[in-house]
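Convention: sequence-line order gives letters A, B, ...; per-chain numbering from 1.
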Number of protein chains: 2
Amino acid sequence: MNIKEVACLAGVSPATVSRVLNGSKNVRKSTRRKVLQAIEESGYRPNQVARGLRLRRFQSIGLVVPDITNEFFATIARSIEDVLHEHNYNLFLCNTREDGEEERRYIKALLDKFVDGIIFVSGGFEENLDLFQGDIPVVAIDRRSNLEGVSFVTSANYEGGYLAAKHLIECGCRRILMVRDQKQVAPMEARWAGYVDCLKDYNIPYDEGLVVSIPVEREAAREYLLRMHSQLEFDGIFAATDVLAIACAHTLLRLGYSIPEDVQIVGFDNITAAEYYNPSLTTIAQEKEALGRKGAELLLERIEDPEKEPATVVLPVQLIQRASTRQY
Amino acid sequence: MNIKEVACLAGVSPATVSRVLNGSKNVRKSTRRKVLQAIEESGYRPNQVARGLRLRRFQSIGLVVPDITNEFFATIARSIEDVLHEHNYNLFLCNTREDGEEERRYIKALLDKFVDGIIFVSGGFEENLDLFQGDIPVVAIDRRSNLEGVSFVTSANYEGGYLAAKHLIECGCRRILMVRDQKQVAPMEARWAGYVDCLKDYNIPYDEGLVVSIPVEREAAREYLLRMHSQLEFDGIFAATDVLAIACAHTLLRLGYSIPEDVQIVGFDNITAAEYYNPSLTTIAQEKEALGRKGAELLLERIEDPEKEPATVVLPVQLIQRASTRQY
DNA sequence: CCCTTGGCGGAAATCGATTTCACTAAAGCA
DNA sequence: TGCTTTAGTGAAATCGATTTCCGCCAAGGG
């Protein structure tokens, strides 16, 4: 069933049907009624591909994430999808597996399909920036990009790092191991910087040997601690993500450490596993839902009004105190 | 840059460019070279929307899941996406939040956008079946549908339920609480049936009071156990998903139970949290990656060859023994 | 040498919706 | 009444790629 058949059924031209469909006011009431009835009767639904071709927008956006099975990214994806769905947009999911080449392929495919905008929650961004000639609005979430014309939503990572270190110090820690992502992406650097500055403020010497840079993978954390725990002297761990924190806790428990008696741990993100882990994990909570939601809103605003300036939004973080640190 | 401009550049007609693009053999080698060079120089990429309109397929499929933040669904989504990406398809993500109405809206939107196929990992399916007039291939993963013409991939849920109960019994349990989803979806019924039959085979009386049907939510499990644990007499729990298992374990530990000394627990799915939980969780592992991968492959096969009969695939499950049950 | 065959490639129709342009009829104004 | 607006509508162009149909030309057969 296409627009021409509906037009026939209603005894008008396709142009008029289109006008009714798109709410043009230059249609007589009686005509509109006829057309609406024809649509109703025929169950006609406009072909979005044809519409997309003509209008050069396809009511859909692309989401690029490194790993959808990571709860942090999945939560962002879900909240983005919520907003889009409310506005009748659809979402292309692109899971790059942190691979820059794949990311490139994905971006091209998205542009070929005329997405109306793209949301990045991903690294490897800089190298692929040439693909955008400012054609479409882009929003980066979590990881900053220094691109002109890209909106940006992130959490207060520096404050989070500071808060984590401060809490551990106030709980009595003096030698705090920081387990961080080896990638020098902005959020990671900021968390680390917050940690460093906090130590400084509390007159605790900064020991470079206590900063561990590894891939954000359970295995990497486990392997590292198994190898190094006896040579390191530490009474607290600030892990830059909850995934790392739980892997650390898991490994230490197996090694016979007690948490929080021997080692106190603070994570970052507040994934659900943090609450359900045993002992439950003290962590810095990001507003994950808000990250996605805000990102989607910024994108849609710029799609509807291309004149709109790109914005930067920084969302607050919050210390969630649980059983992996001592009450104080 | 469109096909006409490329044609100009190469000094041929758009038809010829199209022929080169689509590998038609009726093109002279020299002409082909000219065209390829023009494409190269101009950086031309075909507009997939226009192509989609003409060919009535859009090189993209829709994925309908209840909740992408659930690791089980996320893993399936990722493996589907992997396969699609290899075949140059894109994926529309539809997160229904288990809402049948939303599911309906999503299906319509997908059909309007001319997806080439749909993969369901979702309930609320039956009521929405009228939307498919056999237009496009559909694959259901995990939850069975009795639709004609729908391929189907699932795990051996009955065997899994049996295996879980058997393991608990062999570890000494005699009163096994089964915590299951209140929804009567097929995988859930099968796990329950396996549990029942196993009890029967071991001559353990089936006590209906030991089967708890609740929503698959952490809070529901917690709330139930807090309220009922003192009135129930049980030495083992078979939770129909790891999420429920962990919520149960968490609650029992808080209540002062020891695991596995007082209560042994077996979950289902083998999500990563199962391994990292403390105590680590014995569980029935599903081949999550394979579920998605196989589903995607079945779908693509039927897209490329619509004559192909829909297939049913049942993947094996496996007991993963960890610390929440006693070694035997 | 003429005719057939088939390779090659262009013109034009097509997919389905939107939109411009032009035209009619009715309404407003003098 | 006569002239100008303006509301309402349809015909046709358009978006960009594919494909059918057709014609041209060269090679091969009689």
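- Per the geometry, CG belonging to A:Leu53 stands 14 Å off C1' belonging to C:dT19, to the nearest Å.
- Atom CG in A:Asn22 sits roughly 11 Å away from atom P in C:dA17 (whole-Å rounding).
- To the nearest angstrom, P of C:dT19 lies 10 Å from CZ of A:Arg19.
- Looking at heavy-atom distances under 4.0 Å, B:Phe114 makes no contact with the nucleic acid at all.
- The side chain of B:Ser18 places no N or O atom within less than 4.0 Å of a non-bridging phosphate oxygen (OP1 or OP2) of D:dT19.
- At whole-Å resolution of the value, CZ in A:Arg28 and C1' in C:dT24 are 11 Å apart.
- Side-chain atoms of A:Arg56 and base atoms of D:dG16 include no donor and acceptor less than 3.5 Å apart.
- If you check every strand for non-hydrogen atoms under 4.0 Å, A:Asn2 touches sugar and phosphate atoms only.
- Among the heavy atoms of the strands, none lies under 4.0 Å from A:Val49.
- Summarising the geometry, the separation between NZ on A:Lys113 and C1' on D:dC15 is reported as 18 Å, rounded to the nearest angstrom.
- Position along DNA chain C of the nearest nucleotide to B:Ser30 versus A:Leu21 favours B:Ser30 as the more 5'-ward residue.
- Classification of B:Glu81 and A:Arg97 as a salt-bridged pair holds, one side-chain N sitting under 4.0 Å from a carboxylate O.
- Nucleic acid contact class of A:Thr16 (heavy atoms, under 4.0 Å, all strands): sugar-phosphate only.
- Remark: C1' of D:dT19 and NZ of B:Lys25 are 14 Å apart, rounded to the nearest angstrom.
- The pair B:Glu98-B:Arg143 meets the salt-bridge criterion, since a charged nitrogen lies less than 4.0 angstrom from a carboxylate oxygen.
- Within a 6.0 Å radius of NZ in A:Lys34, other residues, nucleotides and ligands contribute more than 12 heavy atoms.
- Side-chain atoms of A:Arg51 stay outside donor-acceptor range of the base of C:dT18, with no qualifying N/O pair under 3.5 Å.
- Atom NZ of B:Lys34 and atom P of C:dG9 are 8 Å apart (whole Å).
- The distance between the ring centers of B:Phe92 and B:Phe58 does not fall below 6.0 angstrom.
- A salt bridge between B:Asp112 and A:Arg45 is present, with a side-chain N of the basic residue lying under 4.0 Å from a carboxylate O of the acidic one.
- When each of A:Leu55 and B:Ala15 is assigned the nucleotide of DNA chain C bearing its nearest heavy atom, the one mapping closer to the 5' terminus is B:Ala15.
- No engagement by B:Val17 is indicated, since no non-hydrogen atom pair under 4.0 Å with the nucleic acid exists.
- Residue A:Asn26 contributes atom CG, which lies 14 Å from atom C1' of D:dT5 at whole-angstrom precision.
- Among the atoms of the strands shown, base atoms are found under 4.0 Å from some heavy atom of B:Arg54.
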